[in-house]
Peer 1: 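Can you read through this structure? Questions will come right after.
In what follows, every chain begins at residue 1, and chains take the letters A, B, ... in the order their sequences are listed.
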Amino acid sequence: MKLNSIPIRLEGCAKTYGSNARVLQPTSLSIGAGETVVLLGPSGCGKTTTLRLIAGLERPDPGGRVYFGDEDVTAKPIEERRVGMVFQNYALFPNFSVRDNIGYGLKIKKMPARERAQRVDELLELVHLTEHGDKQISQLSGGQKQRVALARALAPEPRVLLLDEPLTALDAKLRETLRTDMDLLLKNLGVTTVYVTHDQAEAMVLGDRVVVMSNGRIEQAGTPHEIYFNPGSRHVAQFLGSLNSLRGAYRDGEFHVQGGRLACPERAAGLAEIHFRPEDASLLPAADAALRGTVASVQFLGDRSRVYLDGLSETRVCVEAPSRSTLQPGEQVGVHIPPERLLIMEGE
Amino acid sequence: MKLNSIPIRLEGCAKTYGSNARVLQPTSLSIGAGETVVLLGPSGCGKTTTLRLIAGLERPDPGGRVYFGDEDVTAKPIEERRVGMVFQNYALFPNFSVRDNIGYGLKIKKMPARERAQRVDELLELVHLTEHGDKQISQLSGGQKQRVALARALAPEPRVLLLDEPLTALDAKLRETLRTDMDLLLKNLGVTTVYVTHDQAEAMVLGDRVVVMSNGRIEQAGTPHEIYFNPGSRHVAQFLGSLNSLRGAYRDGEFHVQGGRLACPERAAGLAEIHFRPEDASLLPAADAALRGTVASVQFLGDRSRVYLDGLSETRVCVEAPSRSTLQPGEQVGVHIPPERLLIMEGE
Amino acid sequence: MRDLTLPAQWRLALLLPALSLFAAFWLIPIAVLVRISAGGHFLATYADILTDARYVNSLWQTVLLSLLVTAATIVLSVIAGLFLTEHEFPGKRLLVSLLTLPLAFPGVVVGFMVIMLAGRQGLIGSISQALFGHKLVFAYSMSGLFLGYLYFSIPKIVLTVMAAAQSLDKSVAEAARSLGAGSWAVMRDVTLPALAPSLIASGAICFATSIGAFGTAFTLATDINVLPMTIYTEFTLNANLVTAAALSVILGVVTWAILMLARNAAGPATMAAGG
Amino acid sequence: MKLRKRLLFAAQLLVTLALCAFLFVPVLTSALTGFLVNYFRGIKAGLTWKWVLEVITDYHGAIVNSLLVAACTLVIVTLVGVPAGYVLSRWQSRASRFIEELITLPIALPGLASALAIISVYGGLRGFRISLWFIIAGHVVFTLPFMVRSVAAACAGQNIRLLEEGAASLGARFAQRFTTVVIPNIRSGITAGALMVVTLSLGEFNLTWMLHTPQTKTLPVGLADAYASLRIEVGSAYTTIFFIIVIPLLLVLQAMDRSQRRKP
Amino acid sequence: DEMAICYNCPPEWADWAGQVKNIKRDTGITVPLDNKNSGQSLAQIIAEKKSPVADVVYLGITSAIEAMKYDVLGSYKPKHWDEIPADLKDPNGHWVAIHSGSVGLFINKDALEGKPVPQSWADLLKPEYKGMVGCLDPSSAFVGYAAAIAINQALGGSLSNFKPVIDYFKKLKQNQAIIPKQTAYARVLSGEIPILIDFDFNAYRGKYKDHANIAFVIPKEGTVSFPYVMAMVKGAPHPANAHKVLDYLLSDKGQAHWANAFLKPVRNVKIPADIAAKFLPASDYARSKTVNYAEVAKQQEPFQRLYLDQVH
Ligand SMILES: Nc1ncnc2c1ncn2[C@@H]1O[C@H](COP(=O)(O)OP(=O)(O)OP(=O)(O)O)[C@@H](O)[C@H]1O
Ligand SMILES: Nc1ncnc2c1ncn2[C@@H]1O[C@H](COP(=O)(O)OP(=O)(O)OP(=O)(O)O)[C@@H](O)[C@H]1O
Ligand SMILES: [Mg+2]
Ligand SMILES: [Mg+2]
């Protein structure tokens, strides 16, 4: 199945609820035809609001415009926008069977029953639910509901697919599986997709581009690699993974901290703080190292361990280690961080 | 703060609801004084039931006995067992302030008001809530509520601390932080603790011993290392992390599979399947390798990538790679798995 | 706030039929009634009424009776309602049905039930006759009315208590017990506070219903001095529409004020819990 | 300890049973009395259908009137109350809350006053005054809030707005959404409301007593007559007939309530 | 369907049920039974003055005189008008008496629980009759007011002095009297009210038609007899039918029916001997007096106020 797709453009869209609660600052965003954009951010940052503006469930404050291709759809209600939408808790119709849920949009379009049945069959197959077609919604598991919701949204061949945290209601294992399925499906469909989530792993796996939002504005937009490796702000960096801070000062190609020194690009000159991610550091025997700390505790996580180190900087630092590491609290260890992995945020 | 602790022993405790729904098979379990035991298992496997048997909120089927130290407490109701309990949704008293919640158990014990206030202050400090003492429960965030529940359970100096998924209701980031705090606190208190969770990371971080349950029975019990590295069954292995399967046959110190062969201990002789975890394999150029596959897709997760490989075995295999890896779908790669990291489950 | 899936024109179109019927057959008539009640001199009419000892007395008695009924109903219903939610035993559903059946009995029927119970030929009379050789008859007094109001209030509050108790979070009570609390302490510190909002809400409705009930008093039809009866007497005594209307307005205002007070005490669930 | 618990149990059971007896024994007595030849002399004097037949011959008009009134009330209340309840639950604003409050007022105000008000405005329209419609008008305003609330609760419980948004995203217009998604999903709320309306209308006395004329007597008005001036056996027989009409409705209501509560 | 709406034609009072059947049979006009009392009927007619529902109304004489004040009565002089004594009709035909009865004690002997049948007003205040005496509400029902007048006259009061009866009612109330607002005939029969202050015709009917163990007593201190009247409602919707009904009620047949129902017909029709024999002896009726009904009507409201203030 391959769908036609269309680019989307938001221009200066803001949203104010009531008289003075501006939950979305004026926002502009272009989404290419066939692109999958993920809106990522903490709860309440305005992701759903943005999605609903695109869907046509909310109207932007005066001045904001929404374009689908060249068409200005700002004033069009959702039922005329030809978007497919998957809601966080699915919003399936409890009074219909699985088939009737999926076929609803086609029935509204007055597609003949024969043709409709055929298309519903195709969709059931697409989402691997062929044998569940005649069940009632209440008989489905969470993951199955999620797939019905997806099939229902796809049935009327939408120009745009909008998904609001479609996996959040599921448990961790299932989420991981469906995330992979979803990735495959979206790539195959090639439809313009806006996907809302607050889970950074989901965002990185699914997004061609990730838009990180906070407090009603876009903080950074870019490919998963860009935002992970070149976060525009500490806030983005923290949201996308764990972050360690080293306080100290730059001198002659090295950054001097409490636990020693480490090679550092010149960009850090003048900064009082540099950062790195736990997985970017490696541990080595203390004797050889220019940077040393003391093990405070070791957390065994199964696939890896997290070692917490004191004495490196004023605050405790966390470093990833192989899960079979045999470090003991109190031990002295050396730390190596490749200079190119340091996160140096000059803007701060 | 240091509490007295006491060993716990369950002997042949089963639980049947109604006439024929046996949700817990006869179970025996010893928990040492001061030990932290985590009950881990999927939803509905009987974790809460076991905890409630220990608490005295349920009575075991005839024949089952519960001992606290040498005392048989089977017939004692919860209010006489001196246990501290933290519920999944905290079960705080909405009509009392934070202080009154924490002081409730002391008030029931008729501790004089002066002394009580002092002790509540200590506990508030312990859980870092000193400035929130006079708030109403509804004014607290989820993490704060969790800490009030903990403080309330600790106030009357329980002999045993029972926690039922105390972190499940919180979001991922907060859960990670509180998990670390909780670990520290439990280690310092030294009280006998039973902790229920379905999150394996939580189990491994917190448990001195982890008891894996499924379908109303104990599947395996051991230290986190034991159960992760020597899972007793495929089910346990899968529940504790990701698992790849390689189908093939053992011949002369090697295991032969579709994608080639790999060194393998003799234990695997006669088995049709061996397993390994994604983080235990490493990727190398195809040319040098005895075991090869084709990259099907790469998932960028930020701190690492997951590479899915076809052609290694009949089913797709997942291998962890550094996040900066530049593999492309279609590429041929070699795979190395150290023989000592293979999971060989002879029981199957 | 604009709600794009419920456009304003539909909102209006769907509300209008109900609103117009309501306006036509209640709002406007009540406005007219208020005007009539003024009898030309608003202040004077009401001042007369509010200084007439008979009316004030009647109002007091009504309020007092309703308060007593409400209090008694709440106590009894909490006992029975909690008992029925906490215990499982054969025949429980039957008991629940029996307790809630009179939910929609009209006041006249309730009055008759009271006569059946406490009239001269009533059960209580026969029993007391057999036991003490003295016929206990109180159907035609305030006690009879009390019994009647109790009769139609109990089902409502029992239902509310049961619904509220069923949705109670059991773990809160368990938490209290884990801290050493016995049954009474759990009742005092957990159960009753949790039930309080719905009790206040349904108690207010029970109170309002008792204040305005007419059928029961009418059936017992004796000189019970409750306000609805007074209004009725005023109306039938020389068609004193002005006084009847004014008393109705006063009764309405008192009832409404009490509902408002209760709502402020109990939170927004009040009206929804009624019925 | 054990003993105290058992005592407590017994006390609670006793109160519950006493309440049941209080509520149900008179129902039984009156049902029995309706068939006694002479209540005064008790069951020794024998049983008879006489009273029931007497009620049916003398009061069948009132019974039919009541059924007519209930049916018309139900139709009207359903037609106007369902859309109103839906809008009031969906439209979260101060205005909607005010309206909901407003249409709930007839429950709070004594029926006598409402009836007086209606008479003083419409009493002059003779054709209307002497027809059943006069009573129906009163019943409609009195029962409307029950339907509205029941529907509003169903809408809120089903999170109907979300379902509508789902339907809208699939291209359905308002009327389509309302008929295919809203109505089917709040059916149980409508049914519960309808049963409530019928039961209340059948038993309504406070308003009806003032609104009726000798030709438009309803069942409860007849009951009041019978209680006031007829033999106790006749009153009982009449009450029994009322129970036979109303109790099945109440039982259905209870069953619906239970099944609803069982759902998660 | 030919209709005449009557307010206050209760089936259990003065055998209106039978009379209404007769009317239907003999004139084809349907008169629905109606259970209001005099006060309620009057109030209703006044409330409906703009657009009356009722055609005719049956009232205690005082209520009819009272109604004149509100200008709600139409006028019609039915056949046999001239045979009616002057003080029992309005000269302009606004109302006309149709029958009368005497107030007394209507007693269910079975329900007395072995106590003696009371013989005087004073007896009713004895503790042994505690909770057994019923009297209709004087502030609402005409019977109640009639009883009040009768007791007042018997106890030495007058139409300008109601103290005796007010005191009496206070004591009666102490004795837990039952004060119904509507006819309570059936409640006496069922034993619910063992002793009711009521009209003689109700008691006779209970005794002879319903074969209950009933006694009627005209109290030693004396009593008063009261006429009941019919009136047209002004602006009656079915005037022609109403006229026919009024004619019928005063016709020989109609009057005979009242006699059969143990009421004293207003016209001097012959009462069959077997019926006459069922009344108390004339010596007892000698204690039953008449009063100035116009004055009684005038005092009704003041008395009712007095009653509500002092006794209620
Ligand atoms: N209808 C509304 N009226 C008033 N405020 C609203 C409304 N809808 C949302 N908000 C507020 O707007 C802000 C942004 O809401 P939004 O739903 O877009 O957040 P979100 O990023 O989707 O969060 P979440 O991850 O919790 O879904 C929040 O603070 C929310 O409280
Ligand atoms: N009161 C009860 N009556 C009947 N069945 C029950 C009752 N409580 C629990 N069960 C059943 O017992 C089984 C085990 O329940 P339990 O609560 O112990 O599971 P759990 O491991 O805690 O699961 P979860 O992670 O979902 O909390 C479940 O299948 C549950 O449905
Ligand atoms: Mg959202
Ligand atoms: Mg559980």
Peer 1: Where on C/Leu76 is there a heavy atom nearer than 4.5 Å to chain D: the side chain, the backbone, both, or neither?
Peer 2: both
Peer 1: Of the listed residues (D/Ser96, D/Ala167, D/Gly203, D/Gly111), which shares the most heavy-atom pairs with chain C below a 4.5 Å separation?
Peer 2: D/Gly203
Peer 1: Measure C/Leu98 against the heavy atoms of chain D and call it side chain, backbone, both or neither at under 4.5 Å.
Peer 2: both
Peer 1: Taking salt bridge (Lys or Arg N to Asp or Glu O under 4.0 Å) as the test, write out the residues that go with C/Arg35, two or more places apart.
Peer 2: none
Peer 1: Can you say whether D/Phe9 sits under 4.5 Å from chain C via the side chain, the backbone, both, or neither, judging by heavy atoms?
Peer 2: both
Peer 1: Is there a donor-acceptor contact under 3.5 Å linking the side chains of D/Ser30 and D/Thr239?
Peer 2: no
Peer 1: Using non-hydrogen atoms only, which part of D/Leu8 is less than 4.5 Å away from chain C: side chain, backbone, both, or neither?
Peer 2: side chain
Peer 1: Could you look at C/Thr255 and say if it's the side chain, the backbone, both or neither that has a heavy atom under 4.5 Å from chain D?
Peer 2: side chain
Peer 1: Relative to chain D, which of C/Ile231, C/Leu147, C/Val32, C/Ile211 shows the most heavy atom pairs under 4.5 Å?
Peer 2: C/Leu147
Peer 1: Is C/Leu150 in contact with chain D via its backbone, its side chain, both, or neither, using a 4.5 Å heavy-atom distance?
Peer 2: both
Peer 1: Hey, which of C/Leu117, C/Leu101, C/Leu21, C/Ile79 has the most heavy atom pairs under 4.5 Å with chain D?
Peer 2: C/Leu101
Peer 1: What residue in D/Ala84, D/Pro220, D/Ala152 has the most heavy-atom pairs under 4.5 Å with chain C?
Peer 2: D/Ala84
Peer 1: Step by step, would you call C/Thr160 with C/Ile205 a side-chain contact (heavy atoms from CB on, under 4.5 Å)?
Peer 2: CA-CA 11 Å; C/Thr160 320; C/Ile205 300 282; over 6 Å; no
Peer 1: Are C/Phe105 and C/Phe112 near enough that their ring centres are under 6.0 Å apart?
Peer 2: no
Peer 1: Is the count of non-hydrogen atoms from other residues, nucleotides or ligands lying under 6.0 Å from D/Phe98 atom CZ greater than 12?
Peer 2: no
Peer 1: Do you know which of C/Ser77, C/Gly111, C/Ala80 has the most heavy-atom pairs under 4.5 Å to chain D?
Peer 2: C/Ala80
Peer 1: Which residue pairs satisfy the salt bridge (charged side-chain N to carboxylate O under 4.0 Å, His left out) criterion with at least one member in residues 103-116 of chain D, sequence neighbours excluded?
Peer 2: none
Peer 1: Taking the inter-plane angle between the rings of C/Phe83 and C/His87 on a 0 to 90° scale, is it parallel (under 30°), tilted (30 to 60°) or perpendicular (over 60°)?
Peer 2: tilted
Peer 1: Checking heavy atoms, do the side chain of D/Leu79, its backbone, both or neither come under 4.5 Å from chain C?
Peer 2: neither
Peer 1: What part of D/Leu223 is in contact with chain C, defined as an atom under 4.5 angstrom from a non-hydrogen atom: side chain, backbone, both or neither?
Peer 2: side chain
Peer 1: Does the ring center of C/Phe218 lie less than 6.0 Å from the ring center of D/Tyr227?
Peer 2: no
Peer 1: What part of C/Ile30 gets closer than 4.5 Å to chain D, counting heavy atoms only: side chain, backbone, both or neither?
Peer 2: both
Peer 1: Could you tell me which portion of D/Ile76 (side chain, backbone, both or neither) has an atom closer than 4.5 angstrom to a non-hydrogen atom of chain C?
Peer 2: side chain
Peer 1: Check the orientation of D/Tyr122 and D/Phe128. Use parallel for under 30°, tilted for 30 to 60°, and perpendicular for over 60°.
Peer 2: perpendicular
Peer 1: Below 4.5 Å from any heavy atom of chain C, which atoms of D/Phe242 appear? Answer side chain, backbone, both or neither.
Peer 2: side chain
Peer 1: Which region of C/Ala31, side chain (C-beta onward) or backbone (N, CA, C, O), has a non-hydrogen atom less than 4.5 Å from a non-hydrogen atom of chain D, or is it both or neither?
Peer 2: neither
Peer 1: Which one, D/Val148, D/Thr199, D/Val27, D/Val246, leads in non-hydrogen pairs under 4.5 Å with chain C?
Peer 2: D/Val27
Peer 1: Could you check whether the rings of C/Trp26 and C/Phe22 sit parallel, tilted or perpendicular, using 30° and 60° as the cut-offs?
Peer 2: parallel
Peer 1: For the interface with chain D, which of C/Ile258, C/Val110, C/Ile28, C/Val109 has the highest count of heavy-atom pairs at distances below 4.5 Å?
Peer 2: C/Val109
Peer 1: Top residue by heavy-atom pair count (under 4.5 Å) with chain C, among D/Glu165, D/Glu204, D/Arg177?
Peer 2: D/Arg177
Peer 1: Between D/Ile99 and chain C, with a heavy-atom cut-off of 4.5 Å, which part of the residue counts as in contact: side chain, backbone, both or neither?
Peer 2: side chain
Peer 1: Which atoms of C/Leu247 are under 4.5 Å from chain D, going by heavy atoms: the side chain, the backbone, both sets, or neither?
Peer 2: neither
Peer 1: Given a strict heavy-atom distance threshold of 4.5 Å, which part of D/Val121 is in contact with chain C: side chain, backbone, both, or neither?
Peer 2: side chain
Peer 1: Would you confirm whether the ring centroid of D/Phe22 sits within less than 6.0 angstrom of the ring centroid of C/Tyr151?
Peer 2: yes
Peer 1: Check whether the ring centres of C/Phe152 and C/Tyr149 lie less than 6.0 Å apart, and answer yes or no.
Peer 2: yes
Peer 1: At a heavy-atom distance under 4.5 Å, which candidate from C/Gly215, C/Ala208, C/Gly122 has the highest pair count against chain D?
Peer 2: C/Gly215
Peer 1: Of the backbone (N, CA, C, O) and the side chain (C-beta and beyond), which part of D/Leu144 lies under 4.5 Å from a heavy atom of chain C, both, or neither?
Peer 2: side chain
Peer 1: Which residue, D/Trp91, D/Phe174, D/Tyr86, forms the ring-ring contact (aromatic ring centres under 6.0 Å, His included) with C/Trp10?
Peer 2: D/Phe174
